[in-house]
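Here's the structure we're looking at; comments come further down.
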Amino acid sequence: MKFGIVTLFPEMFGAITEHGVTGRAIKNQIVQMQYVNPREFAGDVHRTVDSRPYGGGPGMLMLANPLLQAIDAAKAGLKCSDAPRVVYVSPQGKPFDQAAAQEFSQRQAIVFVCGRYEGIDERVIDIAVDEEWSLGDFVVSGGELPVMAMIDATVRLIPGVLGHKDSAAEDSFFQGLLDCPHYTRPEHFAGRDVPEVLLSGNHALIKRWRLKQALGRTWQRRPDLLERRELSKDERKMLEEFIQELAP
Ligand SMILES: Cc1cccc(C(=O)NCC2(NC(=O)c3cccc4nocc34)CCCC2)c1
């Protein structure tokens with residue numbers, strides 16, 4: 001899978017290209033990253049990429065012309081048989097979630113456009129952006145960090161990227177649930193013991209306990225996720241047991 005990144009700060013992406021699962025996927029050439037900096041296309045001697053907003057107001061906006069040229073260069077640079085879709089990440093975008101990451105991971109390539117300052121000239125979105133996505137309702141300084149999070153979530157789902165030992169998180173979130181509690185050595189720590197079931201070696205019981213904990217925590221912390229998820233008869237029974245065990 002190839003990613004074309006339009007950004008004023010390509011060096012930020014070292015955070016995902018130099019480390020961990022994503023760094024390994026790049027080293028193994030499962031993933032390829034290319035960067036285009038709009039500043040390369042700024043027409044003037046000062047290489048200007050921003051300008052004051054019409055109608056007044058605080059801050060600056062990214063100029064359309066350098067951005068549009070950078071987007072074209074990024075698309076061309078990926079050399080894909082079907083033109084990659086252009087994604088602008090912004091607070092106005094569709095909420096990004098695991099389902100979106102799953103869908104992204106099946107694409108041949110994606111061009112991500114990272115906003116800076118207060119945003120970009122709307123005509124860039126009208127002319128060149130195919131999709132807008134958001135990581136959430138909070139204010140950040142640029143689109144780079146949300147894009148890196150989206151790329152990380154996407155790359156983990158590409159076949160061959162995660163070894164079996166890494167994919168615990170995927171399983172539970174894949175089931176639309178929060179994760180169960182996890183424990184490692186020592187068995188006794190700070191006066192707290194590891195739940196007996198996890199030491200039993202009974203894999204069926206352990207699997208059941210983990211699903212019951214995931215169901216219970218989701219019910220307690222993110223009931224909205226449960227609304228979107230059909231529970232089987234057995235899962236409903238486990239959740240009822242979990243709730244009963246809460247308030248004896
Ligand atoms: C809730 C809210 C309302 C108004 C502005 C902003 C804000 O943060 N504006 C600044 C920018 N924000 C983002 O890019 C951005 C922000 C949040 C999630 C995201 N998911 O993807 C990109 C995201 C836009 C241009 C430069 C950065 C945030």
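Owing to the predicted nature of the structure, the values given are computational and were not obtained by experimental measurement. Every number for a ligand or one of its atoms is a count from 1 in the order of the listing. Throughout, residue positions are numbered sequentially from 1 according to the sequence presented.
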Okay, side chain of [X], backbone of [Y]: is any donor-acceptor separation there less than 3.5 Å?
X: R217; Y: C180; result: yes
X: K2; Y: L78; result: yes
X: T218; Y: L178; result: yes

How far is atom 17 (C) of ligand 1 from its nearest protein heavy atom, and which residue and atom is that?
-> F138 O, 2.9 Å
for atom 20 (N) of ligand 1, nearest protein heavy atom and its distance come out as L135 N, 2.8 Å
Contacting atoms of ligand 1, where contact means under 4.0 angstrom from a heavy atom of [X]:
X: G136; answer: 17 (C), 18 (C)
X: G119; answer: 25 (C)
X: G143; answer: 14 (O)
X: P146; answer: 19 (C), 20 (N), 21 (O), 22 (C), 23 (C)

Mind checking whether F96 contacts ligand 1 via backbone (N, CA, C, O), side chain (CB onward), both or neither, at a 4.0 Å heavy-atom cut-off?
-> neither
Would you call the rings of F96 and W133 parallel, tilted or perpendicular if under 30° counts as parallel and over 60° as perpendicular?
-> perpendicular
Parallel, tilted or perpendicular: ring planes of F3 versus F112, cut at 30 and 60 degrees = parallel
If hydrogens are left out, which of V139, V87, V140, D137 has an atom nearest to atom 10 (C) of ligand 1, that is, the closest non-hydrogen atom?
-> V140
Counting heavy atoms only, name the option from P91, S134, C114, S90 that's nearest to atom 6 (C) of ligand 1.
-> P91
What is the minimum heavy-atom distance between L239 and G216, and which atoms define it?
-> CD1-CA, 3.8 Å
Working for salt bridge (Lys or Arg N to Asp or Glu O under 4.0 Å), residues E144 and R116 = CA-CA 9 Å; E144 286 81 6; R116 274 278 152 175; 2.9 Å; yes
